[in-house]
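Shown next, in structure tokens, is the structure this report addresses.
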Amino acid sequence: MTDADDLRARTRALLADRPPATTSRADFLAARFDAGLAWVHYPEGLGGLGAARSLQSAVDAELAAAGAPDNDPRRIGIGLGMAAPTILAYGTEEQKRRFLRPLWLGEEVWCQLFSEPGAGSDLAALSTRAVLGDDGVWTVTGQKVWTSSAHLARWAILIARTDPAQPKHRGITYFLCDMTDPGVEVRPLRQITGEAEFNEVFLTDVRIPDAHRLGEVGEGWQVARTTLMNERVSIGGSTGGRESGMIAPLARTWRERPELRTHALHQRLVTLWVDAEVARLTGERLRQQLAVGQPGPEGSGLKLSFARLNQQISGLEVELLGDEGLLYDDWTMRRPELVDFTGRGPGYRYLRSKGNSIEGGTSEVLLNIVAERVLGLPTEPRTDKDVAWKDLAR
Amino acid sequence: MSATPSLLATETEDDLRAAVRSLLTTHSAADRVLARAESGAPYDRELWKTLTGSMGLAGLLVPEADGGQGAGHREAAVVVEELGRAVASVPYLTGAVVTPATLLALPERTAEVSALLAEVAAGSTVAVLAVPLTTAPGDPLPEVTTDGGGLHGTVRSVADAAGADVLLVAADSGLYAVPAGAPGVTVTPLTALDLTRPLAAVQLDGARGTLLAPAADAAPAVRAGLLSGAGLLASEQLGLAEWCLTETVRHLKDRHQFNRPLGSFQALKHRLAQLWLDVAGIRPAATAAADLLATGEGGPAEAQLAVAVAQVYASPVAVRAAEEALQLHGGIGMTWEHPVHLYLKRAKGDSVAFGGAGRHGQEVARLAELPAP
Ligand SMILES: Cc1cc2nc3c(=O)[nH]c(=O)nc-3n(C[C@H](O)[C@H](O)[C@H](O)COP(=O)(O)OP(=O)(O)OC[C@H]3O[C@@H](n4cnc5c(N)ncnc54)[C@H](O)[C@@H]3O)c2cc1C
């Protein structure tokens, strides 16, 4: 089994072989992937060494110290955080070899074609249809919505209905969809911030070879659950040191602008500062648990905490700024590559963070999950479980 | 600059928790806690004997060379948390945390200090600091004057004073150990909101005690003792809150109304899920505080900030846990017989103890450089 010292030695060997100063970014990243130092917990040959996940930090620290380029993880978050773990868990050898390398290198951006106009929280009710032809190729037709990064994506993870006569959870199949297929049309969907980070995606007779099906026919829901679990971990799990994240610009403004301070705002500031610190410690504890292989249930709660904190903190920042809080940096309709909370103004932070309690499972749905899976409370009586999808109310 | 201690329990801490919890399940059941409260006995002496005698738990903060166990704040926090979970009535937070932490913070270990420390660590002497339970670390202390060697003054709302053998008195002339039964000492039990942490007024009319330290050394030591108390109070609040949450979840799974378990109604599920989330945050906050109190890593300000953060956060959450528990138990929660009121009273009392969230919020503002207008 590989240990941290071994990984550090391998990283130093990589750095000696391809000094970042004289190696192109693409070459360096490719060499890093091929040396198994991309994500060390992945198998050998797929960018990893089959090592413990917690050992990645040893590699990252060496690389950062040497000023090595990274793969710009924020730009390819959906690929790294959702598509990759699902492909790793359910993909054929062929699929893993084909997709994981360009995904990690950032050569191929991924998006997530899950939500539909009629199926958001109740994702399993989706109605995009996939039909298998005699030629072994699926034909997919339907509409997806709120698809982040679809305008940048080369590939998509897609779920579609393959058997409408089954109850909704059972008739779904999971695909890897080529976004360059002529049947895929991406239209920007402008959001409250003025820009269009997400899109509507219309699928008209899109052709997907059976070789791009992930998992068995009719078992797509199970595969999708892997994706959704990883989505919540990646959305909830990003914290730095004390006073990092949304609280940082608020605290800075408070320190630099004494004329804006009032007692009522001070009370709220201190409470939120403490809540942010406790959320950081909760995330830190979770990371320590993961590192020793004992993931705790707190993970399910972190996304809830961060959604609330981001919204309340950015809301307070707008109020604190008074006159300036009334202004907005830019309403131009743009199609950004990534969400940048700190690079923009407080109005943007306030508006964009509203999405934090909707994207990746709404806070209401997450509270249901916590109540049922963590606390073991019973489900609400359900009327949809054993009814064929085609007979559901809509 | 932010110190990040280990937030996971060690094996020793897990073992200690299991031992204390199993003891409390048999020796401090809710009916027994209530019976003690009604009897007027200042604390559960039998339980105290078991905790301090065979288990040696009063000496966790005290080094072995001084007659203690040589453990630390993290281990003591585990005991405090379990005592909170049982709302046990023993003078632990006062007599086994604040007092030894105060004595250990004195710069000079005189023979008198050593002797008292050993007795406190053994649990044979219950010594409590004669300050109001509401005193925050760094707050001004009650005025006790010295006149011809005798101490004079009145201290209101001292926790666990009625059962104490010795009172630690910070007077204008120094820190004294005053036997509770000495002439000139009157300890008057008060009727407290919290039935499980008795309060008493202490009056000194020329009482004499043993001088432990000069006045200049007393104030910083008392401050250190109160800081330990405030930090570990968060663990007590965690234990209280977890009990409230667990019992409420259990009750709502069992209780049927409208032909379904009450716990299947989403309105209640969401309240409990949110409560779980909030209660879960107390643990890392309390562990960080206990750890920094033990190690002093990053300097005194780090421990002070961690304690203040833990208090600002834990106090309202613990109160809400108890209030939610009462509400979601319905009428049964309003009865004297059901233990939830013991938890509500303790949680509410705790929210004012050692300064409360308001005072600690001021500390956060000072230490994190977020000044008030
Ligand atoms: C910024 C952003 C980016 C997104 N990116 C993507 C993406 O890349 N790919 C993708 O597939 N999707 C994406 N989404 C879509 C997102 O996953 C859905 O919006 C979300 O799952 C909610 O579904 P919905 O919008 O249909 O709301 P609905 O399900 O209609 O919910 C409406 C309201 O009802 C509440 N509600 C619903 N069901 C319950 C219940 N059982 N109990 C209690 N309350 C309930 C919800 O919490 C919500 O408040 C994105 C959304 C946003 C805001």
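FYI, side chains are in, hydrogens and waters are out, and symmetry mates aren't considered; it's all heavy atoms of this structure. Quantities reported herein were computed from a predicted structural model and do not represent experimental measurements.
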So B/Arg260 and A/Pro381, do their side chains get closer than 4.5 Å, heavy atoms only?
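A/Pro381 vs B/Arg260: side chains touch.
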(Q) Any heavy-atom pair between the side chains of B/Leu272 and A/Leu377 that's under 4.5 Å? (A)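 A/Leu377 vs B/Leu272: side chains touch.
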Specify the closest pair of heavy atoms between [X] and [Y], including all atoms of both residues, with the distance to one decimal.
X	Y	value
B/Ala368	A/Trp273	CB-CZ2, 3.6 Å
B/Gly281	A/Val278	O-CG1, 3.3 Å
B/Pro373	A/Thr262	CG-C, 3.2 Å
A/Arg242	B/Leu305	NH1-CD2, 3.4 Å
A/Gln288	B/Pro5	NE2-O, 3.2 Å

Option that, when pairs with chain A are counted at under 4.5 Å, heavy atom only, ranks first among [options]:
options	result
B/Thr246, B/Thr287, B/Val249	B/Val249
B/Ala372, B/Ala365, B/Pro261	B/Ala372
B/Leu277, B/Val312, B/Val309, B/Leu370	B/Leu370

Does [atom1] belonging to [X] count more than 12 external heavy atoms closer than 6.0 Å?
X	atom1	result
A/Lys354	NZ	yes
A/Tyr348	OH	yes
A/Asp323	CG	no
B/Gln257	CD	yes

> Can you say whether A/Leu375 sits under 4.5 Å from chain B via the side chain, the backbone, both, or neither, judging by heavy atoms?
Replying inline: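 A/Leu375 touches chain B through backbone and side-chain heavy atoms alike.
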### Side chain, backbone, both or neither of A/Arg255 within contact of chain B (heavy atoms, under 4.5 Å)
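Side chain of A/Arg255 only, per the 4.5 Å heavy-atom cut-off to chain B.
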Point-to-point distance, once rounded to the nearest 0.5 Å, from CG of B/Leu8 to CD of A/Glu284:
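The CD atom of A/Glu284 is 9.0 Å from CG of B/Leu8, to the nearest 0.5 Å.
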Test your reading of the model: is there a side-chain donor-acceptor pair from [X] to the backbone of [Y], 3.5 Å cut-off?
X	Y	result
A/Glu380	B/Gln266	yes
B/His270	A/Glu364	yes
A/Glu372	B/Lys269	no

Engaged part of B/Ala310 at the chain A interface, taking heavy atoms whose separation is under 4.5 Å: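 It is neither, since no heavy atom gets under 4.5 Å.
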What residue, out of [options], has the most heavy-atom pairs lying under 4.5 Å from chain B?
options	value
A/Leu269, A/Asn368, A/Val270	A/Asn368
A/Val370, A/Leu265, A/Thr282, A/Val274	A/Val274
A/Ser363, A/Pro258, A/Gly301	A/Gly301

